[in-house]
J.: 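Have a look at this one.
Whatever order the structure lists ligands and atoms in, that order sets their numbers, starting from 1.
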Amino acid sequence: MQDLLERDTIDAVGDVRAAMQRNVQTLQSLQPEDQSPASWMAPAEEVMRNHREWVRLEWRDPGLQLQVGVDSPYRTPVFARLGRDNAQVEVAQACALAQRNSAAAYAPSTYVPLPDGLGLEVMELCLPWYQGGRVRGFLVASYALSEMLEAMVRREHTRAQEVSFIEPDGTRLAVRGGIHRGQRLFSAQQLLALPGYTLVLRLDSWRAEPNWWPHLLTALVMGLSLALVTVLAFLARDMRRRQRAERDLADALAFRKAMEDSLVTGLRARDLQGRITYVNPAFCEMVGFRADELLGQGIPAPYWPPEKVDEYGKRQAWRLAGNTPPREGTESEFQRKNGERFPVLIFEAPLINAKGLQTGWMSAVLNISSQRASEELSRATLDRLQATARLATVGEMASLLSHELNQPLAAIASYASGSQNLLQTQAHAADAVGAQIGQALDHIAEQARRAGLVIKSVHNFVRRRDQSRQAVAVQTLIDSIWPLVTLQARKTGVQLLIDCPTDLPSVWCDRTMVEQVLINLARNGIQAMQSLPAGQARELRLSVRPAVSAELGQCLEFAMADRGEGISPAVSAQLYTPFFTTKSEGMGLGLSLCRTVIEQHGGRLQHRAVWPSGTEFFFALALAPTDDNTSPQRQALPQS
Ligand code: ADP
């Protein structure tokens, strides 16, 4: 502020000095030369109109006597009241100096009282006028100091500041402008050295106490902006960190999800009330429910078998009471949405949150169906092994029996033929009794031969010898078994029916074994009808018909149908299992052997229910080759 004022003061003094210089030049141009005092008046008045700072302009002769004088048109003549004589000393002083210097000179200012009670500081300027090297006169101009300030100092300096002329001793001579706007005073002064007189120009400036309020507001706004920028910077950093953390979290979640989705183990989380809070895709696939069908479900869970709800509910309550489930897992059974049941192994662990509190249970669920199936398979294999071992023993026994029975049978046959020979040579041969005994002996011999053949076949079968195949006419097969079947049927009152066209081709088979199969099936059928109430039809029908099978192509199908009570699904499932029987005296080997025999012939032994009741067992036999069907062929087939 002070610096500014100092600069303004220098500028103002410069302005005043320049103006005074110009005024001196104006005066020089106004020198009268050859003019008369009267003619000089006009230009003098003209000049006075342009210079308010002058109050009077005079032309004096070299003796300082007044020739003519012009007062300022802007005010009442200043010297009118006291006359000009009072200023004679100052005029003389200035003119003496001016003459000495041959240049304009000034006299110290004097106070001139005015008629209105005020006064005016007036400074005399004297400019000598030469002609031919001699002083011809003087031009004396009287400056009013206050008007000088008005006319020569720029408005910008007087508007806000107080400009004054003071004596070097500090006496104030004239003052202009200035508004007192505060308590603080700044002031600057500069000397205005004039020939003959030195004035001081002073500038005073009042400044109010600095008003802190706007500054405070500005500072506040700046501070807040700074704080805002800082906060924004922190926010941006925080945002970046947060985004990084979110990215990491998303990665971790994606990793966890991929892990859960790839698991074949079902995962299930439940809260402490038993409500499902989480399931993974493997669990959904296991139970056949969608995740949204399971989430939020409480007790009973939708995959609990209805009849086990009580048991599972108790198990759940026990666990919720704070008991720890066994580490080796719990076996349980779940039910799929489609009603299918499957066994599961469940491992459970408490779910602990970040505060260390238990919020529920997390379970890993394993579907152990395939494990169970393989256990079942190995058990069945074991059973079959045992059965095979028993069969082997039976085979050994059969082999032993066949060996042992062969001799008595041979003896029976030879005794029978011996007896027949005797009968033929004796007298009884001709009579009726003899004929009957002869017939009986024939039968004995025939049956003994048959028994021998059966035993031989069994022996071969047990020893796994090659089976002897031959072309056998269907009628031959029927004829050889039918008497035996008739015997049994008659005992139980069963009616026998044969449904067999006469022109059927021969079949290619081990005759004895196939006869045994037919006898077995017929016996089973007859036995199935034993328990029927009296009066109900008891019928056993043997049908033979041409057929085409996948295994054998063109073939003959043999079917043995009874009218018994049929076979229940439970029995049906185990029908061909060795040693399975529902009869108290049964061996349970008949059907198993029959199936083996038929399979050895390349076919399949099957059964179906017949209407209105009863069962039909049926199988197919290959046709005998036609190129050599007159002589029976012996062909070895591989044993299965
Ligand atoms: P076994 O006759 O010694 O019992 P099988 O192997 O011949 O042995 O028969 C096994 C079981 O199959 C019988 O006990 C019986 O329950 C059942 N079965 C066989 N054939 C028939 C049939 N035609 N009708 C009803 N059940 C039958």
J.: By number and element, which atoms of ligand 1 are closer than 4.0 Å to a non-hydrogen atom of Leu575?
T.: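 What qualifies from ligand 1 is 12 (O), 17 (C).
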J.: Counting C-beta onward and ignoring hydrogens, is there a side-chain heavy-atom pair between Ile567 and Phe617 closer than 4.5 Å?
T.: yes
J.: List ligand 1 atoms under 4.0 Å from Ile567, heavy atoms only on the residue side.
T.: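 In order of number, 25 (C), 26 (N).
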J.: Who's the nearest protein heavy-atom neighbour of atom 4 (O) of ligand 1, and how far?
T.: Thr581 OG1, 2.5 Å
J.: If you measure every N/O of Asp562 against every N/O of ligand 1, is any gap under 3.5 Å?
T.: yes
J.: Is there a side-chain contact between Leu605 and Val597 in this structure, where contact means two heavy atoms from C-beta onward sitting under 4.5 Å apart?
T.: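 They are not in contact (no side-chain heavy atoms under 4.5 Å apart), so the answer is no.
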J.: Check ligand 1 against Met587 and write out every atom of the ligand that is under 4.0 Å from a heavy-atom position of the residue.
T.: 3 (O)
J.: Whether the Arg604 and Ser549 side chains hold a donor-acceptor pair (N or O, under 3.5 Å, no angle test) is what I'd like checked.
T.: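 Absent: no donor and acceptor within the cut-off.
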J.: With heavy-atom distances below 4.0 Å as the criterion, list the atoms of ligand 1 near Gly586.
T.: 3 (O)
J.: May I ask you to list the atoms of ligand 1 that are less than 4.0 angstrom from any heavy atom of Lys583?
T.: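 It comes down to these atoms of ligand 1: 1 (P), 2 (O), 4 (O), 13 (C), 14 (O).
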J.: Look at ligand 1 and say whether Tyr576 reaches it with a heavy atom at a distance under 4.0 Å.
T.: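 No, Tyr576 has no heavy atom closer than 4.0 Å to ligand 1.
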J.: Of all the atoms in ligand 1, which lie at a distance below 4.0 Å from a heavy atom belonging to Arg523?
T.: 2 (O)
J.: How long is the straight-line distance from CG of Leu518 back to CZ of Arg523, given to the nearest 0.5 Å?
T.: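 Reported to 0.5 Å precision, the distance equals 13.0 Å.
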J.: Can you tell me if Gly588 has a non-hydrogen atom under 4.0 Å from ligand 1?
T.: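 It does, in that a heavy atom of Gly588 comes within the 4.0 Å cut-off of ligand 1.
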J.: Any ion pair linking Arg242 and Glu246 (charged N to carboxylate O, less than 4.0 Å)?
T.: no
J.: Going by heavy atoms in the side chains, are Phe558 and Leu477 under 4.5 Å from each other?
T.: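 Phe558 vs Leu477: side chains touch.
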J.: Regarding ligand 1, does Thr582 bring an N or O atom to under 3.5 Å of one of the ligand's N or O atoms?
T.: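 The answer is yes, given that Thr582 and ligand 1 share an N or O pair closer than 3.5 Å.
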J.: Please report which non-hydrogen protein atom sits nearest to atom 7 (O) of ligand 1, along with the residue it belongs to and the distance in Å to one decimal place.
T.: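 Of the protein heavy atoms, Asn524 ND2, 2.8 Å lies nearest.
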J.: I'd like to know if the side chain of Thr277 and the backbone of Ala269 have a donor-acceptor N/O pair within less than 3.5 Å.
T.: yes
J.: Determine, for Glu307 against Arg341, whether the closest basic-nitrogen to carboxylate-oxygen distance falls under 4.0 angstrom.
T.: yes
J.: Would you say Leu591 has any N or O atom under 3.5 Å from an N or O of ligand 1, going by distance alone?
T.: yes
J.: Fit a plane to each ring of His607 and Tyr576, take the angle between them on a 0 to 90° scale, and name the class: parallel (under 30°), tilted (30 to 60°) or perpendicular (over 60°).
T.: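 Geometry flag for Tyr576 against His607: tilted rings.
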J.: Number the atoms of ligand 1 from 1 as they appear, then name those within less than 4.0 Å of a heavy atom of Phe580, with their elements.
T.: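 Atoms satisfying the 4.0 Å criterion: 10 (C).
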J.: Numbering the atoms of ligand 1 from 1, which are under 4.0 Å from a heavy atom of Ala528?
T.: 22 (C), 24 (N), 25 (C)
J.: Taking distance alone, with N or O pairs closer than 3.5 Å, would you say Phe617 contacts ligand 1?
T.: no
J.: Less than 4.5 Å apart, side chain to side chain, heavy atoms only: is that true for Phe619 and Leu521?
T.: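 Contact flag for Phe619/Leu521 side chains = yes.
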